[in-house]
**Student:** 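For reference, the structure I am asking about is given below.
Below, read A as the first sequence line, B as the second, and so on, with proteins coming before strands; counting in each chain starts at 1. Keep in mind it's a predicted model, so treat the numbers as computed, not measured.
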Amino acid sequence: MNAAEINALIEPERVHRDVYISQDIYRLEMRHLFSNTWVFVGHDSQTPNKGDYITTQIGDQPVIMVRHSDGNIHVLYNRCPHKGTKIAIDRQGNTGKFFRCPYHAWSFKTDGCLLAIPLKKGYENTGLADSPNGKGMKSVGAVHNHRGFVFARLAEDGIDFDSFFGDSLSSLDNMVDRAPEGRLEVSGPPLRYMHQCNWKMLVENQTDTCHPMVAHESSAGTAVRIFKEMGEPQPRPAAMQIIAPFMSPYEFFEDMGIRTWPNGHGHTGVNMSIHSNYDAIPGYFDALRDAYGEDRAKAILDENRHNTVYFPNIMVKAPLAQLRNFIPLAANRTLVESYVYHPVGAPRQLTEMSAMYNRMINAPTSIVGHDDLEMYERAQEGLHAEGMEWVDVRRLYTGPEDFEAEAVENGTTERQMRNQFNAWAKFMTATMGDATSVAAQ
Amino acid sequence: MTGQANGRITRDDVIDFVYNEARMLDEGRFSDWLELWLPDAIYWMPLDYKQDDPVGATSLLYEDNFMLRLRVERLNGERTFSQKPKSRCHHVLQRPFVDVFDPETGTFQTVTQMHYVETRLDEQQLLALTVTHDLSTSDNGLRIAGKKVELLNCDAAFGNIQLLP
């Protein structure tokens with residue numbers, strides 16, 4: 001497929017089903033979209049010491065994020081330059097001062113540089129030293145650590161970090177600012193939830209404000225009913241704080257507002273959100289005030305953004321210090337990893353609230369998650385129905401939209417989904433010639 | 001469950017209780033199952049292997065009476081779309097180890113190895129479980145004071161686990 005054919009899949013108010021169900025499109029996404037954009041890798045508190053590493057994926061590419069001996073984070077392709085063996089497969093560990101391939105003992109510094117090869121004289125005058133395979137483990141194109149959050153761009157050249165994210169970094173900043181010490185620490189392993197659907201359905205759902213009161217009536221609606229039957233005891237059960245707001249009426253979500261930024265980023269909860277009405281945690285405001293002063297502390301806590309999408313494939317909840325990573329494994333297969341962070345200096349009770357939200361909403365055992373996954377998987381199958389090839393994203397569409405400008409709109413608009421597809425086409429085709437074919441990938 | 005309310009609890013009573021609880025779940029008698037729980041009891045399913053902090057890091061489940069009731073009433077609800085059609089489950093139990101047996105204080109603990117099968121439509125999954133029951137005597141006989149379900153592959157990526165392992 002060439003750029004024109006990719007662009008033909010995206011119209012202002014609808015998208016072709018192939019963006020969800022075509023494995024050929026998926027392969028192009030991995031080669032282009034996930035190479036040209038800045039993709040989340042991990043948090044630097046997962047690798048606090050020299051030699052600490054995690055293994056993960058950027059799109060379909062296996063990578064290692066590692067703390068080098070100079071203290072900097074490096075992101076390397078997880079492939080021995082010799083035969084292709086993955087250098088590490090445990091999800092996290094410490095490799096000491098160097099990686100050593102378990103197959104033939106080629107070894108590498110933690111910045112990827114070749115350190116040693118056994119019986120090296122066998123490579124004399126073979127040209128290995130001048131070949132890419134003789135240089136060591138290959139690094140990704142670029143790495144950026146934004147206040148602990150590590151992103152990478154696979155492509156050697158392309159848009160720089162600040163230009164790509166722009167003002168959208170305000171959500172990540174608010175999440176970090178909510179820690180009195182100005183930094184976060186990962187709190188336990190992520191939930192890992194397998195979805196038999198396309199990764200973009202999950203990303204779109206983060207700003208889909210017309211589904212909670214429908215899809216989640218069985219959980220949130222039942223919670224509200226039980227609470228009433230119990231005589232509305234105070235303090236209310238913890239679950240009521242977290243699950244009940246999903247039953248808020250359409251007007252609530254309309255008033256919440258949606259903001260979009262260039263390059264596919266955006267968030268729900270401009271004016272307030274379902275996270276605005278949580279009970280205050282004793283000692284938390286005092287700790288923030290001591291760190292920032294009264295006015296700044298209030299300003300930080302007054303921002304209660306709901307879901308912020310960082311295009312292409314993560315979402316953060318700043319008030320709850322959460323991050324969800326939607327890892328695309330195939331056109332119809334997505335691994336969701338949901339992390340909780342501890343805002344350093346805040347009461348542990350805050351992190352307990354985040355962990356509670358994570359297990360109640362994002363777990364494979366969650367009564368809320370069950371209904372979301374049900375919808376995605378039904379859509380993944382339903383999209384194969386012939387006779388209707390387009391998916392509709394025109395809610396509150398009023399005419400041509402300029403996604404290069406920040407905008408704030410009614411909270412039930414699907415503008416953020418259109419913004420994502422605008423960015424999708426942009427970064428899919430940025431380095432795609434007119435004659436690019438799937439076969440050539 | 002004879003002999004619980006009016007006499008001393010025997011080891012067989014404790015073991016029978018564990019089998020009967022699994023049978024209730026397999027037969028879908030969730031409302032009856034709720035009656036087995038003491039008011040302050042917690043159902044915990046850790047996310048991490050050998051996890052020691054259930055609430056400071058994410059667990060798969062950490063549910064009090066309110067959440068368990070919500071879970072059961074949702075399963076019975078009209079608009080529970082992920083349960084149209086409904087799931088079914090099946091427990092196979094090894095004989096429980098009775099690790100704490102103290103009729104004087106009414107305190108008992110069992111550890112039971114189980115295979116748990118859950119199915120819906122064309123999908124079926126098998127989970128290997130280590131289940132710890134803390135049981136106490138009440139006016140109604142033995143009741144659950146706490147239940148911990150450890151999955152052998154807790155660190156794996158799962159699809160939906162919708163019923164109660």
**Student:** So which heavy atom on A:M375 is nearest to which on B:F81, and how close?
**Tutor:** CE-CB, 3.5 Å
**Student:** Evaluate the side-chain proximity of B:F66 to A:M240: yes if any heavy-atom separation is below 4.5 Å, no if none is.
**Tutor:** yes
**Student:** By the definition side-chain hydrogen bond (donor to acceptor under 3.5 Å, both in side chains), identify the one residue from B:R74, B:Q83, B:R79 that meets it with A:D371.
**Tutor:** B:R74
**Student:** What part of A:I367 is in contact with chain B, defined as an atom under 4.5 angstrom from a non-hydrogen atom: side chain, backbone, both or neither?
**Tutor:** both
**Student:** Pick whichever of B:G56, B:P54, B:P165, B:G77 has the most heavy-atom pairs under 4.5 Å with chain A.
**Tutor:** B:G56
**Student:** Counting only non-hydrogen atoms closer than 4.5 Å, does A:A215 touch chain B with its backbone (N, CA, C, O), its side chain (CB onward), both, or neither?
**Tutor:** backbone
**Student:** Going by residue number, which parts of residues 349-360 of chain A are within reach of chain B, meaning a heavy-atom gap below 4.5 Å?
**Tutor:** A:T351, A:E352, A:A355, A:N358, A:R359, A:M360
**Student:** Where on A:H370 is there a heavy atom nearer than 4.5 Å to chain B: the side chain, the backbone, both, or neither?
**Tutor:** both
**Student:** Spell out the residues in residues 98-131 of chain B that have some non-hydrogen atom less than 4.5 Å away from a non-hydrogen atom of chain A, in order of number; otherwise answer 'none'.
**Tutor:** B:R120
**Student:** Is any side-chain heavy atom of A:M230 closer than 4.5 Å to one of B:R69?
**Tutor:** yes
**Student:** Return a table of donor-acceptor pairs under 3.5 angstrom between the side chains of residues 150-159 of chain B and protein atoms on other chains or two or more places apart.
**Tutor:**
none

**Student:** Determine the option with the most heavy-atom pairs under 4.5 angstrom with chain B, choosing from A:P190, A:G221, A:P189, A:A238.
**Tutor:** A:P189
**Student:** When rounded to the nearest 0.5 angstrom, what is the spacing between CZ in B:R71 and OG in A:S366?
**Tutor:** 7.5 Å
**Student:** So if I take each residue of residues 319-344 of chain A and look for any heavy atom under 4.5 Å from a heavy atom in chain B, which residues do I end up with?
**Tutor:** A:L335, A:V340
**Student:** Tell me whether A:T365 contacts the main-chain N or O of B:L60 through its side chain, where contact means a donor paired with an acceptor under 3.5 Å.
**Tutor:** yes
**Student:** Identify whether the distance between the nearest side-chain nitrogen and carboxylate oxygen of B:E73 and A:R225 falls below 4.0 Å.
**Tutor:** yes
**Student:** Need one label for A:P237: side chain, backbone, both or neither, based on atoms under 4.5 Å from any heavy atom in chain B.
**Tutor:** side chain
**Student:** Counting heavy-atom pairs under 4.5 Å to chain B, which of A:R348, A:E377, A:R378 comes out on top?
**Tutor:** A:R378
**Student:** Enter the distance from B:L70:CG to A:T222:OG1 here, rounded to the nearest 0.5 Å.
**Tutor:** 6.0 Å
